[in-house]
Amino acid sequence: KQEVTQIPAALSVPEGENLVLNCSFTDSAIYNLQWFRQDPGKGLTSLLLIQSSQREQTSGRLNASLDKSSGRSTLYIAASQPGDSATYLCAPFTGGGNKLTFGTGTQLKVEL
Amino acid sequence: DAMVIQNPRYQVTQFGKPVTLSCSQTLNHNVMYWYQQKSSQAPKLLFHYYDKDFNNEADTPDNFQSRRPNTSFCFLDIRSPGLGDAAMYLCATSREYRISTYEQYFGPGTRLTVT
């Protein structure tokens, strides 16, 4: 059974910092991995999808990497802004279908 | 512009009173999913439809049922809500199943309160 861990659980940084969010998963036989953002009381917004054949994927100030063999993915956020404050969730695809297993997320607060 | 729509956004029901949550999509995707997310927890998959084929997760309680009358709509029925069923319910879609190049798109969620 896939288990997903995200570290740290919470993070508070001043505006402008570059930061790294970590995701680890126990079953490395994944197809792909998706990163999401969740604002308080809201649904999930897809940020990046990394294919199993890729090692990195970039969108604006976001860069995600995937190392299947070690069971890890990282989300790098450059020049953080207060609007980045949210919970970030990673979810590898497992089980031979579009089955996402979620971590509990990293709650990010970017302060002015 | 909205792609995955959930109604209502907030639902209050009484203990034991059946409730139905609605999801619709404008993406014409084949797959629709229902997730349950309790406070400070990870979203947990309840079931999904691939076209008209229903796929239940092994640990989803019998109290939860789903209907998909057409491609655009999917409903979550909770037959006898208990206090432990209070949660955010998230609907998601993807274009195809077993093709992991397609990402999942989520709706805004329905917050269910059970009194």
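Numbered from 1 within each chain, the chains take letters A, B, ... in sequence-line order.
- Interface residue B/Q37: only side-chain heavy atoms are found under 4.5 Å from chain A.
- The cluster map of Ile, Leu, Val, Met, Phe, Trp and Tyr, joined by side-chain heavy atoms under 4.5 Å apart, puts A/I30 and A/F36 in different clusters.
- Note that CZ of B/F106 and CG of A/L100 are 6.0 Å apart. Values are rounded to the nearest 0.5 Å.
- Cluster annotation: B/V19 and B/Y89 are assigned to the same hydrophobic cluster (Ile/Leu/Val/Met/Phe/Trp/Tyr, side-chain heavy-atom contacts under 4.5 Å, transitive).
- Linking ILVMFWY residues whenever their side-chain heavy atoms come closer than 4.5 Å, directly or via other members, leaves B/F75 and B/L45 in distinct clusters.
- Contact record, B/A42 with A/G103: CB-O, 3.2 Å, taken as the closest heavy-atom pair.
- Looking at A/K42 and B/R111, their side chains never come closer than 4.5 Å, going by heavy atoms from C-beta outward.
- At a 4.5 Å heavy-atom cutoff, the contact between A/Q38 and chain B is made by side-chain atoms alone.
- Hydrophobic clustering places A/W35 together with A/L11 (ILVMFWY residues linked when any side-chain heavy atoms are closer than 4.5 Å, directly or through intermediates).
- Counted within 6.0 Å of CG on B/D59, heavy atoms from surrounding residues, nucleotides or ligands total more than 12; the atom is thus considered enclosed.
- The two residues B/E103 and A/S46 come nearest to each other via the heavy atoms OE1-OG, 2.7 Å.
- At a threshold of 4.5 Å between non-hydrogen side-chain atoms, the residues B/Y35 and A/L44 do not count as touching.
- In the hydrophobic clustering of this structure, B/F64 groups with B/Y49; members are Ile, Leu, Val, Met, Phe, Trp, Tyr whose side-chain heavy atoms approach within less than 4.5 Å, directly or through other members.
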